[in-house]
Amino acid sequence: ERSNSNFNYGAYHSLESIYTAMDDLAAEYHGLVSKLQIGESYEKRPLYVLKFSTGGPDRPAIWLDAGIHAREWVTQATALWTAQKIASEYGTDPSITSLLDTMDIFLLVVTNPDGYVYSHTKNRMWRKTRSKAAGSFCVGVDPNRNWDAGFGGPGSSDQRCSDSYRGPHANSEVEVKSIVDFIKNHGNIKAFLTIHSYSQLLMYPYGYKCTEPADYRELDTVGKAAANALTSLHGTSFKVGTICSTIYQASGGSIDWSYDFGIKYSFAFELRDTGRYGFLLPADQIIPTAEETWLGLKSIMEHVRDHPY
Amino acid sequence: METFSGDQVLRIRASSDDQIDKLQLLETLEHLQLDFWLHPSNPALPVDIRVPFGSLQAVRAFLGYHDIKYSILIEDVQGILNEEKQEMISNQRR
């Protein structure tokens, strides 16, 4: 018999432990949660998505992913807590219930499993994938510079050893291509939310260019409402804006691709902290981080539900 | 496992576009093996860099020479990493 009730969400876990917890969630909430494999990583680890659905064909859906940059451990931990939150509160929380009665949610808890394992075993500060290229000593590509959105432009590097190396071509990383293929095949994704950590930002397109997207006003309003909701719990302050205006120009990023693909509600979260711990955020901050992030996520998801397009 | 003993994280506050240009130059110096957590973009935003112990003197000298202000966010990355490892061991035991 499997149960998720003993899992410690307030601790950092190995990939194996996270995957087991995902199995347990799917078993415990079997009518609501299922685990899908959308591909495998460069080193042949499965890429698992949790699907939350109350049934019905061709339903609109929300995409969530976490931890594309391996070392941002609080994001993978936040995603797993979020999965448990969604599953356990369907049927009791009116907002989650109404959301899942209308739409599906897909949640990729560990977007870059090779990098995650590498950050656990070899280099805690690892950020990239683990793909190898002939003739180069340096390994890996920054998977958030590898999307087909201004690929090769400013804010990404063509140097293989750089931490922001963009890769040889767009979608060269199987971890990225698997998501792109899944979203294209699904065809009815209405929101694309990606969770990163460090520096407390909530961003919308664009990053590959410093111009405002067509839906700027709405995205800014939705983003600010989400940030306010997030801040209301512990007072954590978030800055909201386009990637280019809030942080810097960065090409080949995921939400630029998703927005240009037609997914209007494309947002990227950068969770705690402001520098005191960097990517080594103490485990006792996982649950507060997840709790506040949930309020922001929920605010955006409610807007998506109430504003079909 | 790669260690980070003596590595520090510096928060740099550039005061002009010229200083941002200098920091962007610093970013290109691959031999220093700097890990930019926040890249230089405009003077309104801080720049955070994890500096390996072996590059600390060179980076501080560079910042001092160009009169760029900075503070130390993390004194010793390995120290925090050790605490994290300890935390994980005790959680696993629990």
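These numbers come from a predicted model, not from an experiment. Every chain is numbered from 1, with letters handed out A, B, ... down the list of sequences.
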Applying a criterion of heavy atom separation less than 4.5 Å, what residues of [range] form contacts with chain B?
range	answer
residues 65-73 of chain A	A/R71, A/W73
residues 123-140 of chain A	A/N123, A/R124, A/M125
residues 245-256 of chain A	A/T246, A/I247, A/Y248

Which heavy atom of A/S119 sits nearest a heavy atom of B/M1, and at what distance?
->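 Result for this residue pair: O-CE, 4.0 Å.
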
Decide if atom OH of A/Y19 counts as having more than 12 heavy atoms of other residues, nucleotides or ligands within a radius under 6.0 Å.
->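 Yes.
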
Heavy atoms from other residues, nucleotides or ligands near CD of B/Q24 exceed 12 (cutoff 6.0 Å) =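 Enclosed.
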
Residues in residues 74-94 of chain B near chain A [non-hydrogen atoms, under 4.5 Å] |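 Only B/I74, B/V77, B/I80, B/L81, B/E84, B/E87, B/M88, B/N91, B/R94 of residues 74-94 of chain B have a heavy atom under 4.5 Å from chain A.
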
Atom group of A/T121 that falls short of 4.5 Å from chain B, counting heavy atoms |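 Only the backbone of A/T121 comes within 4.5 Å of chain B.
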
Heavy-atom distances under 4.5 Å only: say whether A/Y12 touches chain B with side chain, backbone, both or neither.
->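 When you check distances to chain B, atoms from both the backbone and side chain of A/Y12 fall under 4.5 Å.
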
Roughly how far apart are A/S164 OG and B/E27 CD, rounded to 0.5 Å?
->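 Nearest 0.5 Å value for the OG-CD distance: 7.0 Å.
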
Find the one option among B/V9, B/N42, B/T3, B/L38 whose heavy-atom pairs under 4.5 Å with chain A are most numerous.
->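 Among B/V9, B/N42, B/T3, B/L38, the one with the most close pairs to chain A is B/L38.
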
